[in-house]
Amino acid sequence: RQVEAEVVAFSVPSYACQRRTTLENHNTVLTDALSLLAENAELSDEDGRGVAFRRAAAVLRSLPGPVTDMKQLRGLPCLGEHSLRVIKDILEDGASSEVESTKQSERFKSLKVLTGIFGVGSRTADRWIREGIHTLQQLRDSGQSLNRAQQAGLEHYDDLNRPLTVAEAEAIGEIVERAVVSVLPGAQITLTGGFRRGKLTGHDVDFLITHPDEGREEGLMSKVVSWLESQGFLLYQKTTRNSYLESKDGPARPPANMDRFERCFSIFKLIKEERQGTEQPENGERNPNPAEDTLSVGARSGSQTDQNTPPQSQIPADEQRRRVSGEDGGQEETKPAVHKPWRAVRVDLVVSPISQFAFALLGWTGSKLFERELRRWAGHEKAMSLSSHALYDNTQSRYLRATSEEEIFAHLGLEFIPPSERNA
Ligand code: ATP
Ligand code: MN
Ligand code: MN
């Protein structure tokens, strides 16, 4: 590869929604660095800078191979002076001092820890830091009043900051499906968000719910939530009513990137299931080893051998019970930690009327940058306004209907990009 020939520059279109961005990323070192700077800007309420770094990272993410020479970047869109400097430092020195010092900075670390609490944004975290609160323990000891979301977020902090797997997303999907068909037969649920884009992990699971007969979906969310609550699946929920109609003459319009569907931000209690054995101690603390935990869905059959651990069924029942309940007479070193048999999972539910379903699906599939770029493309290049509800053509002064994502891309004059290639 050390050919003394002209370096060939990469070439990509300027809007992320014109590009196919799969999960395969040949420039993770560079995109991680730029994403960290984006995150730092967002946490510091500098959204403009945040978006600039996000766009730069997205361009590198879409490249067909690794960047090894600055000359390859000539003519690429969205790479500002600042991003180019960071890239250059990493290519030349292996690291960017700005990125490294940001990563080490106490302020950044505290902001990350505190905004890692569900329900805590950068403003709140910043206020706490100014009051001397930098850690979860300091927050707990501070007597700060927390709202319901923040209380739940603090209580389930570790679970909610541990990435979810596809198997866990599927298990949640089965529960949501059961809830939805129980309260409204014929209603349909669709996985959206990162898992629809083929991501293998996620910070939450997102679902869109609709019914093929327009209007039948009205009031659906509260019924779904009641069902879930009655079955003990919810640790927290906040349901927001549909404000689409009300807001027409109502007070403040929500920000452009927020939609007005009936939605529920929730925390589910997902019961884990053991891979091994059928005997369960009656004290509820079932599985001492989280590595053996698996989920009620999809992993029932097949070889479940773990070379290091004997199957639980081979351990005498008494011993099983002692291991899990800790009646071990204080041999702390040899006793496996007792883990709860469930985990907390963030779940977002959205209900859409069928007439808006395609827009809602497109809007809730992401990525966030892809969505932002779609709206920017619509506005700047096509004089159209795109939301999760509709597409309005300002030139023709009318709404453009669509029953599929493909139709929306066509209205926008864009090549169709499937979900797995929207990972900008
Ligand atoms: P992750 O794995 O981190 O969950 P994700 O891509 O699924 O990744 P989410 O934050 O769950 O990220 O968002 C999924 C989609 O829902 C995104 O396209 C985002 O634009 C959209 N979305 C999230 N919150 C809102 C909101 N309040 N209003 C409208 N759309 C939203
Ligand atoms: Mn998500
Ligand atoms: Mn979400």
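What you see is a predicted model; the values in this text were computed from it and never measured. Ligands are counted one by one from 1 in listed order, and the atoms in each one are counted from 1 as well.
Those atoms of ligand 1 that come under 4.0 Å of a heavy atom in Gly363, given as number and element, are 18 (O), 20 (O), 21 (C). Which parts of ligand 1 touch Asp204 is read off a 4.0 Å heavy-atom cut-off, strictly below it: atoms 4 (O), 11 (O). Per-residue contacts place Asp206 under 4.0 angstrom from the following atoms of ligand 1 (heavy atoms of the residue considered): 7 (O), 11 (O). For ligand 1, the atoms lying closer than 4.0 Å to a non-hydrogen atom of Gly202 are 2 (O). Ligand 1 places these atoms under 4.0 Å from at least one heavy atom of Lys199: 1 (P), 2 (O), 8 (O). Proximity to His203 (heavy-atom distance under 4.0 Å) selects the following atoms of ligand 1: 1 (P), 2 (O), 3 (O), 4 (O), 10 (O), 11 (O).
Taking a cutoff of 4.0 Å between a charged side-chain nitrogen and a carboxylate oxygen, Arg422 and Glu405 qualify as a salt bridge. Ion pairing between a basic and an acidic side chain is recognised when a charged N comes within 4.0 Å of a carboxylate O; Asp45 and Arg123 show such pairing. Note on Glu42 versus Arg54: salt bridge recorded, some NZ/NE/NH1/NH2 to OD/OE distance being below 4.0 Å. The pair Arg130-Asp126 meets the salt-bridge criterion, since a charged nitrogen lies less than 4.0 angstrom from a carboxylate oxygen.
Scanning for ring-ring contact (aromatic ring centres under 6.0 Å, His included) contacts around Phe409 gives Phe416, with sequence neighbours left out. For Phe195, the ring-ring contact (aromatic ring centres under 6.0 Å, His included) criterion is met by no residue, not counting sequence neighbours. Annotation: ring-ring contact (aromatic ring centres under 6.0 Å, His included) contacts of His82 (sequence neighbours excluded): Phe53.
An N or O contact shorter than 3.5 Å links Gly194 to ligand 1 by distance. Considering backbone and side-chain N/O atoms, Phe265 never comes within less than 3.5 Å of an N/O atom of ligand 1.
Taking a cut-off of 2.8 Å, the protein N, O or S atoms nearer than that to the Mn ion (ligand 2) are Asp204 OD1, Asp206 OD2.
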Problem set entry | Derivation of the salt bridge (charged side-chain N to carboxylate O under 4.0 Å, His left out) call for Asp393 and Lys382 | CA-CA 8 Å; Asp393 184 331; Lys382 298 286 160 183; over 6 Å; no
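Of the candidates Arg263, Arg197, Lys368, Arg197 brings a heavy atom nearest to atom 6 (O) of ligand 1.
Of the residues Arg49, Lys103, Lys112, the one that meets the salt bridge (charged side-chain N to carboxylate O under 4.0 Å, His left out) test with Glu39 is Lys112.
Using modelled atom types, one finds a donor on one side chain and an acceptor on the other under 3.5 Å when comparing Glu407 with Thr403.
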